[in-house]
Amino acid sequence: MPPKPKKGGKAPEERKEPEKLRACNHVKARHILCEKQSKILQAYTTLKDQFGDTPPSNEFAKVATEMSECSSAKRGGDLGWFPRGKMVGDFQEVAFNLPPGKMSDPFRSREGYHIVLVEGRKA
């Protein structure tokens, strides 16, 4: 039986906001960067086939260590917390529009091809 609404209020189910990301100023993320599209697609397929859009951070880190061509590869692709304006446009756009735990589709920036996994968001 659903909870009764308080006087003048709505039931809890009715108060829920739609699945919309709140604005944030910092994101914690991992990424995989490859020069060639074929290599980033291989990394993406490896993760997507096993975990869908929400790979565990440790599994994403394993693939990043093996396949990423960025200096962050030795840290499992960990970029730590970064503010808006620190990353290149396309990368920032993707990172700040993903909810925590979600992996991006592969995309291209001036640096190469990326996959991003957002681990946290804060104001």
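Computed from a predicted structure; not experimentally measured.
- Taken from OG in Ser68 to CD1 in Ile115, the straight-line distance is 9.0 Å, to the nearest 0.5 Å.
- To the nearest 0.5 Å, atom OH of residue Tyr113 and atom CZ of residue Arg108 are 4.0 Å apart.
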Could you walk me through whether Phe60 and Ile32 satisfy the side chain to side chain contact (heavy atoms under 4.5 Å, CB included) test, starting with their C-alpha distance in whole Å, then the side-chain angles of each, then the deciding distance to 0.1 Å, before giving a yes or no? CA-CA 9 Å; Phe60 189 94; Ile32 300 170; 3.7 Å; yes
Please lay out, stage by stage, how Lys48 and Asp53 fare under the test side chain to side chain contact (heavy atoms under 4.5 Å, CB included). CA-CA 6 Å; Lys48 183 89 170 170; Asp53 289 343; 2.3 Å; yes
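- Distance alone, capped at 3.5 Å, places no donor-acceptor pair between the Glu35 side chain and the Glu69 backbone.
- Pro83 and Phe96 get closest at one heavy-atom pair: C-CZ, 3.8 Å.
- Ion pair Lys28/Asp78 flagged as a salt bridge, since at least one NZ, NE, NH1 or NH2 atom sits closer than 4.0 Å to an Asp/Glu carboxylate oxygen.
- In the hydrophobic clustering of ILVMFWY residues, with side-chain heavy atoms under 4.5 Å counting as a link, Leu79 and Leu33 come out apart.
- Looking only at side-chain heavy atoms (C-beta outward), Leu41 and Pro106 come within less than 4.5 Å of each other.
- More than 12 non-hydrogen atoms from other residues, nucleotides or ligands lie less than 6.0 angstrom from CZ of Arg84.
- Side chain of Arg121 to backbone of His26: no donor-acceptor contact under 3.5 angstrom is found.
- Distance alone, capped at 3.5 Å, is enough to place a donor-acceptor pair between the Ser104 side chain and the Val116 backbone.
- The nearest pair of heavy atoms linking Met103 to Pro55 is CB-CD, 3.7 Å.
- Of the N and O atoms on the side chains of His114 and Ser109, at least one donor lies less than 3.5 Å from an acceptor on the other residue.
- Here the CD atom belonging to Glu93 is positioned 14.5 Å from the CE atom belonging to Met87, to the nearest 0.5 angstrom.
- Counting all heavy atoms, side chain and backbone alike, Arg30 lies closest to Gly76 at NH1-O, 3.1 Å.
- Listed here is the closest heavy atom pair of Ala73 and Ala64: CB-O, 3.6 Å.
- Taking NZ from Lys86 and CH2 from Trp81, the interatomic distance works out to 13.5 Å, rounded to the nearest 0.5 Å.
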Output, in order, the C-alpha distance, side-chain angles, deciding distance and verdict of side chain to side chain contact (heavy atoms under 4.5 Å, CB included) for Glu119 and Ser57. CA-CA 8 Å; Glu119 297 181 307; Ser57 291; 2.5 Å; yes
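- Side-chain contact check for Phe91 versus Phe107: some heavy-atom pair is nearer than 4.5 Å.
- The OG1 atom of Thr54 lies 9.0 Å from the CG atom of Leu117; values are rounded to the nearest 0.5 Å.
- In this structure, Met67 CE and Leu47 CG are separated by 9.0 Å, a value rounded to the nearest 0.5 Å.
- Hydrophobic clustering, with ILVMFWY side chains joined whenever heavy atoms are under 4.5 angstrom apart, keeps Ile40 apart from Val88.
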